[in-house]
Novice: 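First the structure, then my questions, so here it is.
To find a chain, count down the sequence lines: A is the first, B the second, and so on, and within it residues start at 1. Scope of the values below: all heavy atoms of this structure, side chains included, with no hydrogens, waters or symmetry mates. Note that the structure is predicted; figures quoted are calculated from it, not measured.
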There are 2 protein chains.
Amino acid sequence: MPTNDEKSKELPVRLRLARYLENQGKRKTPERFAILEKIYSSSTHVDVGTLYTSMLADGFRVSRSTVYNTLGLLIEAGLIRSVALGDGITRYERITTVNNHHHLVCTHCGKVKEVKATELVGDMLVKKPRSFEPSYYSLYIYGLCSRCSRKEHNSKKKTKK
Amino acid sequence: MPTNDEKSKELPVRLRLARYLENQGKRKTPERFAILEKIYSSSTHVDVGTLYTSMLADGFRVSRSTVYNTLGLLIEAGLIRSVALGDGITRYERITTVNNHHHLVCTHCGKVKEVKATELVGDMLVKKPRSFEPSYYSLYIYGLCSRCSRKEHNSKKKTKK
DNA sequence: TTTACTGCAAATATTTTGCAATATC
DNA sequence: GATATTGCAAAATATTTGCAGTAAA
């Protein structure tokens, strides 16, 4: 968990990871930073397979075990988060406490669009939950994207597969 | 996808599934209803393994393939949703459009608590997202539960594993 | 009666584990 | 130099697929 100091300043991730590793007495291996960077630099949510192969494609040699290990560690550290979108594949995405974004997930085609938090949400938390210390939140809005919404209109009923 | 009529009335799930199957020209098999019931009646989010074994424990014979098939179908139908909590296991939970609830996820011990939406959130959507037809949303608040929050206070730094 | 769906078993894919080699501290 | 961490290969799990048999409609 990042401390409150770290959160309010929102240090670069590499530093946040470094700090976490120091506090925990863990080692700063290149693999850990490379995987972190990869997740933070990818525009979409990535699954383990894609992450692994795209690292190799970048010329960075890692083993699958290390990828799995590191994902666990980064979650522990509060730097990434896993997400299920409904297709059974677990994906991972960065956590940012400032510049928060939300997700519009199309329940029909599965497309995910990110939108800036400020564009959508007003005063979200009106009451702090009792006996719970909130750190960040994640909002997923499910519905139909414009394309699928149009399709739905045309072919009502009997949409044989 | 449930139609708008269905949503506003919030019919019993069994009926909503029945309707979906009719509209799609699919069959009303006992397995589909049994799996639906199981998910809707379980207090926590369930993973595939637990779902499968607990159905057998109830004396209901299903195959794993059917469980997987059905989960996909129920997601398609907009009756359940998959969730990733950070431990790599994909879980499933019911979707309710009325009586909405949110999730307090402890980033330390992983405990998930459900809270009534109205207890936490004020006017959430201030603007409808452009070219997107929202159907329901899912809010996860990550942070520390009271137990873990207390622990954290005591043992700052050097929490060797 | 037709054929969508189930269950089974086998094929894939995904994740975990044990251990020797390596690199961080 | 001590040992946490990596990579590899093998083991354990989880998921998908093909197909014959079953049961909804």
Novice: For A:Asp47, give me all partners under side-chain contact (heavy atoms from CB on, under 4.5 Å), at least two apart in sequence or on another chain.
Specialist: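 Testing A:Asp47 for side-chain contact (heavy atoms from CB on, under 4.5 Å), a comparison that skips the adjacent residues, returns A:Thr50, A:Ile89, A:Arg91.
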Novice: Let me have a per-nucleotide readout for nucleotides 18-25 of chain C, 5' to 3', with B, S or -, counting only protein heavy atoms under 4.0 Å.
Specialist: -----BBS
Novice: Can you identify which nucleotide, out of C:dT6, D:dG7, D:dA14, has its nearest atom closest to the B:Thr66 side chain?
Specialist: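 Out of C:dT6, D:dG7, D:dA14, the nucleotide with an atom closest to B:Thr66's side chain is C:dT6.
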Novice: With sequence neighbours left out, what residues match B:Thr29 under side-chain contact (heavy atoms from CB on, under 4.5 Å)?
Specialist: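 With sequence neighbours excluded, B:Thr29 shows a side-chain contact (heavy atoms from CB on, under 4.5 Å) to B:Arg27, B:Glu31, B:Arg32, given in chain and number order.
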Novice: Can you sort out the partners of A:Asp58 under side-chain contact (heavy atoms from CB on, under 4.5 Å), two or more places apart, ordered by chain and number?
Specialist: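 Listed in chain order: A:Lys38.
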Novice: I'd like to check the salt bridge (charged side-chain N to carboxylate O under 4.0 Å, His left out) partners of B:Arg61; sequence neighbours left out, ordered by chain and number.
Specialist: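 For B:Arg61, no residue satisfies salt bridge (charged side-chain N to carboxylate O under 4.0 Å, His left out) once neighbours in sequence are set aside.
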Novice: What residues from residues 47-62 of chain B pass a heavy-atom cutoff of under 4.0 Å to DNA chain D?
Specialist: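 Close to the strand are B:Val48.
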Novice: Run the side-chain hydrogen bond (donor to acceptor under 3.5 Å, both in side chains) test against A:Thr70 and tell me which residues pass, sequence neighbours left out.
Specialist: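 Scan of A:Thr70 (side-chain hydrogen bond (donor to acceptor under 3.5 Å, both in side chains), adjacent residues dropped) gives none.
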Novice: Strictly below 4.0 Å: does A:Arg32 bring a side-chain N or O up to OP1 or OP2 of D:dT6?
Specialist: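 For D:dT6, OP1/OP2 do have a side-chain N/O of A:Arg32 under 4.0 Å.
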Novice: A:Ser63: what forms a side-chain contact (heavy atoms from CB on, under 4.5 Å) with it, not counting sequence neighbours?
Specialist: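 Checked A:Ser63 against side-chain contact (heavy atoms from CB on, under 4.5 Å); matches are A:Ser65, A:Thr66.
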Novice: For B:Arg64, check salt bridge (charged side-chain N to carboxylate O under 4.0 Å, His left out) against everything at least two apart and list the hits.
Specialist: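 Testing B:Arg64 for salt bridge (charged side-chain N to carboxylate O under 4.0 Å, His left out), a comparison that skips the adjacent residues, returns none.
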Novice: Just how large is the angle between the end axes of the helix from C:dT1-D:dA25 to C:dC25-D:dG1, five pairs per end, to 10 degrees?
Specialist: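 The end-segment axes of the helix from C:dT1-D:dA25 to C:dC25-D:dG1 are tilted 50° relative to each other.
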